[in-house]
Each structure stands twice: as C-alpha cells, then as structure tokens.
Asks: 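Below is one structure. I have some questions about it.
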Amino acid sequence: MCRRWFLVLAACACFLAARVDTCADASDSSRTIGLARVDITPSYPVRLSGYAARTTEYTGVVSHIYVRALAFGGQGEEPAVVLSVENCGVPGHLRNEVAQRLQKKAGLKPERFAVCSTHTHSAPWLSGYLSNLFGGPLPADQQQRVERYTKEMADAMEKAALEALADLRPGKLTHGWTKADFAANRRTPGGPVDHAVPVLFITGADGNVRGVWATYACHCTTMTSIFNVVCGDWAGFAMSELETKYPGAVALVSIGCGADSNPNPRPGEDLARGHGHGLATNVLSAWKGERRPVSGKLVCRTKEVALPYDKLPTREEWQQLAADTNAASKFTASHARMQLARLDAGQALPTSLPYLLQTWTLGKDLAFVFLPGEVVVDYSLRLKRELDTQRLWVNAYANDVPCYIPSERILKEGGYEGGLAMIYYDRPARFAPGIEDLIVRGVRDLLPAEFTAKAK
C-alpha cells in the first residue's frame, strides 16, 4: 500500500514539474541549437529608412545594430535558420539572394530559412525597399552608399547564418508567455492591439540560457523622424539588455502584427530604452513562470498566394497625377511617374502581389507563422481565435516587407494602412477586398490540423 502511494505521489510530482517546465528531460536530447550575432552598424554616412521627412544622411549612432541568428538542427533532420535583422525592412530580393547563397554553401533549403525585420526606423535604407520613400531618386553619391550598405547587409546575413550553423550544439527549448503594455492602436484610441509576447528559451547542456527569442506586435518607432541617428529602438534595447542579463547569450526580437500599433508614449531615446527595458524585464519573468518543453521534428512549409490589387488607374490618370506640381502631391506625382516609366518601357503593371506564407512546426508543441509585410493586428487576433492560441506564434515583417497588409476592416475604413501607404511602397493600387481570407486560409492550409483551436 505504501509503495502504491509512493508511485502515485512520484507521478504527480513529475506532472507538476513538467507543467512548469522543468522536467527538461522531456525535451529531446538530440536537439542542437546554434546562435550568432554580427554587427551591421554603418561605418560611413548613409540615408536612414522609415521616415520621408529626413533629408540628410545620419548624424550619429545611439546604439549599434545587429543581425542575430538562431539555427535549429539535430534529430537527424535538416537544419533551419531564422534571422532577426535590425532594419526597417529587408526586401524579398535580399532575403532570396541570401537564401540561395546558404543553399549553395550549407545545403539550407529556402523554406528552412526565415528573415524577420525589427522594423526600426533608425537603420540604413536598403535598395529595393520602400522605393518611393523620398519622392524621387537620391543624389548619385548617396545612392552609391545605399547600394554599398545593401551588399554588406547580404554578406552580414549570410555570415550570421553560417556562424549559427557552425555553432550547433546540444540544447533544449522551452516556450513561455508574457505581456508588454506599450503598444497602442494608432488609428483608433482604445482600438485593438495584441499585447501577448511569446518567448522561446534556449538552454545548453549545462542548463544555462544560451539564447532567447521573443515577439511583440508594435511599430519600432519610439525614435521618430526628429532623430536622424542609428538606433535599434525598443527592440534593440530589449535584445541588448537580455544579452547583458544572460552573459554570452544571443537574444532575438521579432515584430508581430503591429502595423497599426505605435509605442506609447513617444518620442524619445529614454522612452525607447524604457520600452525595451519593460519588454526585457517581462521576458526575464517568463523564465520563472510556466514554461513548456518544446521537442519534435521541425517541419517547414511555404506557400505563395497572389493578393489582387484593386482597379488600376489608366495611363491618362497616371499622367494627370504625374503632372501635379503641388508640393503636397510630391509623393503621388513621383509614384505616378514610376508607373508611367514602366508603361513606356513596354511593361505591364502587376495586378497582384506575390505573397510568401511560411510556417514552421516543432512537433505538436509549437507553430511559427511568418507573414511578409506590415501586417495589421486583426490578422494575429483572428488566427488566435481560429487556431490554438497557446501553441501559435505569429511573426510579421518576415522574409519581405512589400507594403502594408490591411484586414477587411481596415480596407473598408481606408486611411494610411488601408491604401494610402501604397504610393511610398511603389505599388500600383490598393488591395482588392478578400485578401484577409486568402492569407488566413493559406496559413491554415500550411498548418497541421492538430493546431486548430478545437484540437487543443
């Protein structure tokens, strides 16, 4: 009888320990993890991205910026790498170039490579991103430095990925949740936001934290256009603080569906540091909270869908827009001239946007979703309603930042995120209704059925 009660109590103890994570032995011991960090702070003058109001190259450096890499391996499976890049937006052509290099040099398949931009508006402009940001071409010498930095960025991304792959060693993964509270809906006071922060902890064979990855749905714009300096903003400060708290570790931050959320309050360097400190503090608290072991084979899938544009203007309408000399119409006129140049070259304007959906699943424990573009909060909230919130991790600004991705609600409401921003991104028209269902259906097609809300 005593022996029976002892076995029952022992089983209960193991269950409780697993629930708060700690039966770490439940994780597959054959998992290997690699981490790396490469400095991408420019050493020469270059124009910064994110704000059209800036008219000169940057004037100083508040904080260094980095590419950080997390590589997964082991269990007899092929490796995978995710990058967190401190930049406003890594364009798809750059991600694809690096993916091709990594496939050639390391055998890394493109679907097993993901790039997340932190969307800081205080990092250098990259060629091929936000093409109409300044309402016309830069001076030739400035454009040359943008091209130089873009090439160096590709090299740095490749280097970080290869170093993380070379660093693969036994480790364990645990997943937890926390919250942050500084995101505020910038379209509607009190409007929808997503304050949830998923966190992945990577520990080594000695049990010490080697890496951390967290995502929060908020613009990285505490440092507004009045600051013409290089800075990682709140995401950069959060990563730096976590790396200080965990000596020798690498911390990644990516951005969720926060295209219509701004940091609040702002602007200011002290506020950016404060937001970063708040996020880092909450991530540290997640280590002490409930965490679940993450194991299982890493399965990576991609699917491209076409997001249709609404009706395009005619050539005559483009000509009228291009002829507008009103200073307030500078960007609209520049945008129209770009479309006319394509038509004059015999090119047909695109009627849809190629949109790459990507999912990674770790067994039945965790599902990552990577969505390109500036994705509004409605997407993460809807996906969390339809899928299992506790096992779903949604990243935006991933693999490409081609434009804003509005929901049906925001398409109807209009405004900047609903269509006006398309002129800065050099897209021929706003999106047609129906893109939200296309994207959500595509994500659901990529994820196994066990990740639906009913299959918890």
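All values reported here derive from a predicted model rather than from experimental measurement.
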Asks: Between Ser407 and Asp378, do the side chains contain an N or O donor and an N or O acceptor separated by less than 3.5 Å?
Replies: yes

Asks: Going from CD on Glu86 to CG on Leu83, what distance comes out if it is rounded to the nearest 0.5 angstrom?
Replies: 12.5 Å

Asks: Do Asp194 and Ser380 have a side chain donor and acceptor closer than 3.5 Å?
Replies: yes

Asks: Roughly how far, to the nearest 0.5 Å, is the CD atom of Glu152 from the CZ atom of Arg145?
Replies: 12.5 Å

Asks: Verify the distance criterion only: is there a donor paired with an acceptor across the side chains of Thr215 and Asn395 at less than 3.5 Å?
Replies: yes

Asks: Out of Asn262, Thr224, Thr222, Thr221, which one pairs with Pro267 under the side chain to side chain contact (heavy atoms under 4.5 Å, CB included) rule?
Replies: Thr224

Asks: Let's go through Trp393 and Phe370 carefully: what are the C-alpha distance in whole Å and the side-chain angles of both, what is the deciding distance for ring-ring contact (aromatic ring centres under 6.0 Å, His included) to 0.1 Å, and is it a yes or a no?
Replies: CA-CA 9 Å; Trp393 185 318; Phe370 299 94; 9.2 Å; no

Asks: Please check if any side-chain donor atom of Tyr425 sits under 3.5 Å from a side-chain acceptor atom of Glu374, or the reverse.
Replies: yes

Asks: Report the C-alpha separation of Phe431 and Tyr404 in whole Å, then their side-chain angles, then the decisive distance to 0.1 Å, and conclude whether the ring-ring contact (aromatic ring centres under 6.0 Å, His included) test is met.
Replies: CA-CA 10 Å; Phe431 286 117; Tyr404 276 84; over 10 Å; no

Asks: Out of Val115, Leu126, Asn87, Asp400, which one pairs with Leu94 under the side chain to side chain contact (heavy atoms under 4.5 Å, CB included) rule?
Replies: Leu126

Asks: For Glu436, is there an ion pair with Arg382 - N to carboxylate O distance below 4.0 angstrom?
Replies: yes

Asks: Is there a donor-acceptor contact under 3.5 Å linking the side chains of Asn185 and Ser261?
Replies: no

Asks: Side chains of Ser84 and Ser254: donor-acceptor distance under 3.5 Å anywhere?
Replies: no

Asks: Within 45° of the axis and under 6.0 Å from the centre of the six-membered ring of Phe72, does NZ or CZ of Arg31 qualify?
Replies: no

Asks: Does the pair Asp167/Arg169 count as a salt bridge with the N-to-O cut at 4.0 Å?
Replies: yes

Asks: Please lay out, stage by stage, how Glu243 and Val250 fare under the test side-chain contact (heavy atoms from CB on, under 4.5 Å).
Replies: CA-CA 6 Å; Glu243 289 170 348; Val250 174; 4.0 Å; yes

Asks: Considering only NZ, NE, NH1 and NH2 on the basic side and carboxylate oxygens on the acidic side, decide whether Glu417 and Arg186 come within less than 4.0 Å.
Replies: yes

Asks: Do Arg47's NZ or CZ and the ring of Phe134 fall within the cation-pi criteria of under 6.0 Å and 45°?
Replies: yes

Asks: Given ring-ring contact (aromatic ring centres under 6.0 Å, His included), test His277 with His275 step by step and report yes or no.
Replies: CA-CA 5 Å; His277 172 71; His275 296 325; over 10 Å; no

Asks: Under 6.0 Å from the six-membered ring centre of Phe451 and within 45° of its axis: does the NZ or CZ of Arg391 meet both?
Replies: yes

Asks: Side chain to side chain contact (heavy atoms under 4.5 Å, CB included) with Leu392: which of Leu447, Leu366, Val443?
Replies: Leu447

Asks: Between His335 and Tyr424, is there a side-chain donor-acceptor contact under 3.5 Å, judged purely by atom types and distance?
Replies: no

Asks: Is it the case that atom NZ in Lys384 sees more than 12 heavy atoms from other parts of the structure closer than 6.0 Å?
Replies: yes

